[in-house]
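Side chains are part of it too, since the values below use all heavy atoms of this structure and drop only hydrogens, waters and symmetry mates. Proteins come first, then strands; the chains are lettered A, B, ... in the order of their sequence lines, and each starts at number 1.
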Protein chains: 2
Amino acid sequence: MCTIPADTAQIIETSLITALEDRGLRKTTARAAVTQRIELAGDAFTAEQLCRELPEVGRATVYRTIRHLVDAGALCKLPILDGAPMYSVARVEHHHHTICSRCGAVGEFRHSTVERVMRSLEKEIDGDIVGHRMEIFITCNQCLAAIAEGESHD
Amino acid sequence: MCTIPADTAQIIETSLITALEDRGLRKTTARAAVTQRIELAGDAFTAEQLCRELPEVGRATVYRTIRHLVDAGALCKLPILDGAPMYSVARVEHHHHTICSRCGAVGEFRHSTVERVMRSLEKEIDGDIVGHRMEIFITCNQCLAAIAEGESHD
DNA sequence: CTTTTAATTGATATTGAGTATCAATAAGGA
DNA sequence: TCCTTATTGATACTCAATATCAATTAAAAG
């Protein structure tokens with residue numbers, strides 16, 4: 001039984017739910033709630049966060065929907081060094097991520113040089129390159145400001 | 001009570017156990033067994049693999065020793081996309097990893113261009129860069145050979 | 001609109017990785 | 001050798017994620 005209240009249940013035509021439909025999956029109330037929430041939040045999130053924010057959707061369904069979105073290439077799975085992986089909406093075809101090591105905010109960037117590095121590495125590497133992953137750890141501007149603010153109060 | 005048999009218990013002066021001693025940690029039979037095993041194996045490994053291979057050492061101790069080695073910078077923790085992280089001995093100061101997506105073999109490489117890319121990214125990125133991580137997914141030469149072998153048998 | 005069929009859901013149980021606890025034990029300096 | 005403190009490891013626990021499976025729902029067919 002799906003117990004999603006009417007206001008949450010409203011199905012909005014979005015790219016995430018479309019990504020699921022394109023894979024032959026049904027457009028259900030639960031999936032609409034999950035994809036909508038991801039899109040409205042904007043930020044990166046963990047599976048458990050989503051579960052907490054959507055108590056009306058079962059955990060199993062939240063996890064399944066996330067997996068489908070990752071399989072569809074609509075979400076990126078970011079393995080964090082400690083703890084559960086984070087997910088962020090893939091807005092551009094191929095990109096990398098910045099992660100603020102103070103607040104956890106995730107950003108996206110593209111850089112043509114990275115692709116060029118890959119090609120030049122192909123000679124050095126003992127096999128065929130099939131993919132790569134790169135994360136840059138930063139202290140974001142907001143956190144830098146917060147730190148400066150905190151110091152000025154001493 | 002430590003129940004490590006005599007042959008496993010032999011304490012060998014190695015860089016890993018030294019890394020622990022340098023941090024003021026005691027040279028114990030259990031830690032010697034763990035570090036020795038890591039060095040003899042050579043390959044990357046998961047914590048659970050180590051536990052299975054060293055049933056005479058308690059799980060808690062295996063996990064604690066790994067954590068100490070990572071803290072000391074003697075081991076690299078590699079977050080794998082699915083499942084438990086892998087660990088590999090850090091042989092050079094700063095480097096990146098290749099991971100064979102077929103057999104899981106982990107290699108190490110350095111590339112000066114990666115550092116140059118970091119510097120050039122500093123302008124584009126919204127904050128201070130404090131670190132980065134990069135993994136290249138490959139099909140290693142052994143796997144390429146195995147695939148070719150398999151195909152020739154059709 | 002109703003029927004039909006297969007996909008989907010979600011409460012629950014289960015797995016698996018990793019950590020906390022704490023009494024017993026071992027390391028290593030005095 | 002003794003003494004103090006770090007270390008160990010059996011156990012219980014937490015947390016993330018998955019498997020199970022009867023009840024429910026989507027949507028295609030009639």
Between [N] atom [atom2] and [X] atom [atom1], what is the distance in whole Å?
X        : N       : atom1 : atom2 : result
Met86(A) : dA17(D) : CE    : P     : 11 Å
His68(A) : dA7(C)  : NE2   : P     : 12 Å
Leu50(B) : dG9(D)  : CG    : P     : 14 Å
Leu54(B) : dG9(D)  : CG    : P     : 11 Å

Work out which heavy atom in [X] is nearest to a heavy atom in [Y]; give both atom names and the distance.
X        : Y        : answer
Arg52(B) : Pro55(B) : O-CD, 3.4 Å
Ala30(A) : Val57(A) : CB-CG1, 4.2 Å
Arg26(B) : Arg31(B) : O-NH1, 2.9 Å
Ala19(B) : Ala74(B) : CB-CB, 4.1 Å
Leu69(A) : Leu16(A) : CD2-O, 3.7 Å

Atom pairs, N/O to N/O, protein against nucleotides 17-22 of chain C, distance under 3.5 Å?
residue, atom, partner, partner atom, Å
dG18(C), OP2, Tyr63(B), OH, 2.9

- Query: Are the side chain of Thr65(B) and the backbone N or O of Thr61(B) linked by a donor-acceptor pair below 3.5 Å?
  - Reply: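 It does hold such a pair.
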- Message: Between Arg37(A) and Leu50(A) (side chain of the first, backbone of the second, donor and acceptor by atom type, cut-off under 3.5 Å), is there such a pair?
- Response: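 Checking the backbone N and O of Leu50(A) against the side chain of Arg37(A), no donor-acceptor pair under 3.5 Å is found.
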- Task: Apply side chain to side chain contact (heavy atoms under 4.5 Å, CB included) to His97(B) and list each qualifying residue two or more places apart in sequence or on a separate chain.
- Result: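 Testing His97(B) for side chain to side chain contact (heavy atoms under 4.5 Å, CB included), a comparison that skips the adjacent residues, returns Cys76(B), Leu78(B), Ser88(B), His95(B), Val106(B), Glu108(B), Glu135(B).
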Report all side-chain donor-acceptor pairs from residues 40-48 of chain A shorter than 3.5 Å, counting only partners two or more places apart or in another chain.
residue, atom, partner, partner atom, Å
Thr46(A), OG1, Gln49(A), N, 3.1
Glu48(A), OE1, Arg59(A), NH2, 3.2
Glu48(A), OE2, Arg59(A), NH2, 2.6
Glu48(A), OE2, Tyr63(A), OH, 2.4

- State the dot-bracket string of DNA chain D. Criteria: Watson-Crick or G-U wobble, both atom distances under 3.5 angstrom; notation: ( ) intrastrand, [ ] crossing earlier pairs, | interstrand, . unpaired. ||||||||||||||||||||||||||||||
- Would you say a side-chain N or O of Arg31(A) is under 4.0 Å from OP1 or OP2 of dA26(D)?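 For dA26(D), OP1/OP2 do not have a side-chain N/O of Arg31(A) under 4.0 Å.
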- Quick one: list whatever passes salt bridge (Lys or Arg N to Asp or Glu O under 4.0 Å) with Glu122(B), sequence neighbours left out.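 By the salt bridge (Lys or Arg N to Asp or Glu O under 4.0 Å) rule, Glu122(B) matches no residue at all.
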- Ring centres under 6.0 angstrom apart (His96(A), His132(B)):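 No, the ring centres sit 6.0 Å or more apart.
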Could you go over nucleotides 27-30 of chain C and give all protein N or O partners under 3.5 Å, atom names and distances?
residue, atom, partner, partner atom, Å
dA27(C), OP1, Thr29(B), OG1, 3.2
dA27(C), N3, Arg26(B), NH1, 3.1
dG28(C), OP1, Lys27(B), N, 3.1

